[in-house]
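So the structure is just underneath, and the comments pick up after that.
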Amino acid sequence: MIVATRDEFGFRRIFHPAQGGIASDGIQRLLREAGLPAGAPDVAAIRGYLSGERLADRTVLRDIRAVPPGHSLLLTPQGWSLRAAPNAAERGELEDALRASLQRALDSGKRVALALSGGLDSALLLALLRELGVQRSIPSYILVSDLPDYCERDTALDIADRLGARVKLVRVRGEDFVSALPDATRSVEEPMFNLHPVAKLLLARAMAADGIGVAITGDGADQVMRRDRSANYLPLCNALFAAASVTLHAPFLDAAVVRHLTSLPPDPDKQCLRDLGARLGLPDRLVRGPKRGRLAPAMDLRPLVADERIYGLSAALGLPRPDLQADTERVLWTTLTLLLDALQADVSSTSPRPAP
């Protein structure tokens with residue numbers, strides 16, 4: 001019997017106990033509903049998070065497993081098993097599929113907003129909202145951090161001005177990222193290597209405070225176009241908006257859009273989206289310019305987790321002592337510590353083994 005199927009790019013999470021029980025979209029929810037203790041950490045899975053070689057079917061807890069993207073979870077007399085879901089690639093009309101996805105959000109009966117960055121993907125959605133005649137009634141939220149080489153205020157405002165959008169600026173500081181990190185970590189339920197996902201929580205909280213129930217976002221276009229099924233970002237976005245009680249609506253992850261895009265050859269440069277942007281009159285810098293990745297700058301996380309605490313955890317897990325000089329390492333170990341605390345994992349029951 002198929003209990004649940006996870007989408008191809010892992011936007012929605014599915015967890016289950018290693019032995020029997022129920023499935024859920026969150027580790028903490030699963031522990032509560034199944035009446036299970038957190039148990040011991042999964043050292044092999046944690047090592048994968050720290051090295052960037054994630055184990056798709058594992059979590060930070062030894063007795064809680066994850067369904068990999070594009071797989072179905074089956075319950076058999078012998079217990080849980082996984083089966084790859086069939087690929088449903090099918091050529092369609094990209095613009096029509098995106099419009100239909102946007103219309104479903106507009107018809108949700110909830111207040112809707114657009115999360116607008118300075119990039120191509122959210123600009124495309126704003127252009128389509130303009131085609132639908134709702135770019136003024138659907139506010140475009142722009143996160144303004146003023147962090148060097150990170151804030152996209154000016155480019156996002158330029159897009160909004162060109163397309164006649166109604167803008168809501170959400171002003172945050174670096175300190176807001178740090179103070180929100182514990183809540184963000186509890187929501188995503190996995191270690192993070194950068195604070196960029198925290199921006200999603202800050203934006204979602206601002207939307208929720210204004211009564212927004214659905215956030216349209218350009219997330220997913222990059223992953224679908226380059227066939228990135230690592231699920232190291234998309235489910236985090238979904239969980240962070242859900243933590244603020246805002247539904248994340250990602251048209252580029254809509255089933256019809258994914259079917260169409262995956263029927264085409266992989267396109268990391270997103271040429272078909274650039275072509276659509278040109279037809280919709282987007283600025284040349286978006287249509288022809290290079291994509292610019294965004295990572296949050298380094299921030300002081302020591303007030304959240306002291307170095308000695310991290311050294312103690314690494315020793316308890318039998319992992320090499322980190323030097324905590326690189327920001328990526330600092331963020332990974334800080335969020336790992338915060339997460340194991342939130343889950344109340346029994347680190348003392350872990351049998352330390354020297355890392356290879």
Side-chain angles (χ1 to χ4, degrees), residues 1-90 186-191 220 223-224 227-239 242 247-248 250 253-259 261-263 317 336 339-340 342-347 349-351 353:
M1 178 181 70
I2 294 179
V3 174
T5 298
R6 192 174 184 191
D7 57 285
E8 188 174 353
F9 293 92
F11 186 57
R12 295 173 181 84
R13 306 177 300 178
I14 305 173
F15 300 105
H16 64 91
Q19 303 296 326
I22 60 175
S24 179
D25 62 355
I27 296 175
Q28 293 160 94
R29 182 176 299 165
L30 177 60
L31 295 175
R32 286 196 306 270
E33 293 176 352
L36 295 171
D42 186 328
V43 177
I46 289 170
R47 188 181 292 119
Y49 281 115
L50 296 173
S51 68
E53 298 178 359
R54 297 156 49 95
L55 303 180
D57 62 341
R58 307 275 277 275
T59 75
V60 295
L61 298 182
R62 189 168 58 197
D63 297 326
I64 302 297
R65 300 298 170 88
V67 176
H71 283 74
S72 295
L73 176 66
L74 288 76
L75 185 58
T76 72
Q78 292 74 40
W80 296 113
S81 67
L82 295 171
R83 183 170 71 195
N87 187 307
E90 181 183 2
R186 281 191 291 271
S187 299
V188 304
E189 299 183 317
E190 64 179 69
Q223 288 79 5
V224 176
R227 308 296 191 267
D228 176 4
R229 297 176 175 86
S230 64
N232 66 355
Y233 180 65
L234 294 178
L236 279 63
C237 299
N238 196 20
T247 299
L248 189 60
L253 295 171
D254 184 273
V257 175
V258 171
R259 285 198 299 270
L261 291 177
T262 54
S263 74
L317 296 175
L336 172 63
L339 178 57
L340 293 178
L343 295 173
Q344 298 182 339
D346 186 4
V347 177
S349 69
T350 303
S351 300
R353 295 190 301 269

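These figures come from a predicted structure and were not determined experimentally. Values below: every heavy atom of this structure, side chains too, minus hydrogens, waters and symmetry copies.
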Of the non-hydrogen atoms in [X] and [Y], which two are nearest, and what is the gap between them?
| X | Y | answer |
| --- | --- | --- |
| P68 | D57 | CG-CB, 4.0 Å |
| G10 | A231 | CA-CB, 4.2 Å |
| P37 | L31 | O-CD2, 3.6 Å |
| L61 | A345 | CD2-CB, 3.7 Å |
| R58 | D42 | NE-OD2, 2.7 Å |
| A239 | S187 | CB-O, 3.5 Å |

Heavy atoms, side chains only, cut-off 4.5 Å: are [X] and [Y] in contact?
| X | Y | result |
| --- | --- | --- |
| T5 | L73 | no |
| P17 | L30 | yes |
| F11 | L248 | yes |
| R229 | Q223 | no |
| R6 | R12 | no |
| T59 | E190 | no |
| D7 | L253 | no |
| S24 | E33 | yes |

Worksheet item: Which distance, rounded to the nearest 0.5 Å, do you find between the CD1 of I46 and the OG of S51?
Response: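 It comes to 12.0 Å.
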Worksheet item: To the nearest 0.5 Å, what is the distance between CG (L74) and CE (M1)?
Response: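 The CE atom of M1 is 8.5 Å from CG of L74, to the nearest 0.5 Å.
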Worksheet item: Are E53 and R47 ion-paired here, with the side-chain N under 4.0 Å from a carboxylate O?
Response: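 The answer is no: the pair does not qualify as a salt bridge.
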Ignoring hydrogens and geometry, is there a side-chain-to-backbone donor-acceptor pair from [X] to [Y] under 3.5 Å?
| X | Y | answer |
| --- | --- | --- |
| R13 | V188 | yes |
| R227 | V224 | yes |
| E189 | I27 | yes |

Discussion item. Does R83 have more than 12 heavy atoms from other residues, nucleotides or ligands lying within 6.0 Å of its CZ?
Written reply: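 No, not enclosed.
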Worksheet item: Can you name the residues that form a salt bridge (charged side-chain N to carboxylate O under 4.0 Å, His left out) with R29, not counting sequence neighbours?
Response: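 For R29, the residues satisfying salt bridge (charged side-chain N to carboxylate O under 4.0 Å, His left out) (neighbours in sequence not counted) are D25.
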Worksheet item: Could you walk me through whether R54 and N232 pass the side chain to side chain contact (heavy atoms under 4.5 Å, CB included) check?
Response: CA-CA 9 Å; R54 297 156 49 95; N232 66 355; 4.0 Å; yes
Fill in: Stepwise side chain to side chain contact (heavy atoms under 4.5 Å, CB included) test for L75 and W80
CA-CA 5 Å; L75 185 58; W80 296 113; 4.0 Å; yes
Discussion item. Does I22 form a side chain to side chain contact (heavy atoms under 4.5 Å, CB included) with V3? I'd like the steps, not just the answer.
Written reply: CA-CA 9 Å; I22 60 175; V3 174; over 6 Å; no
Practice prompt. Go through the steps to decide whether L339 and R186 satisfy the test side chain to side chain contact (heavy atoms under 4.5 Å, CB included), and finish with yes or no.
Written response: CA-CA 6 Å; L339 178 57; R186 281 191 291 271; 5.9 Å; no
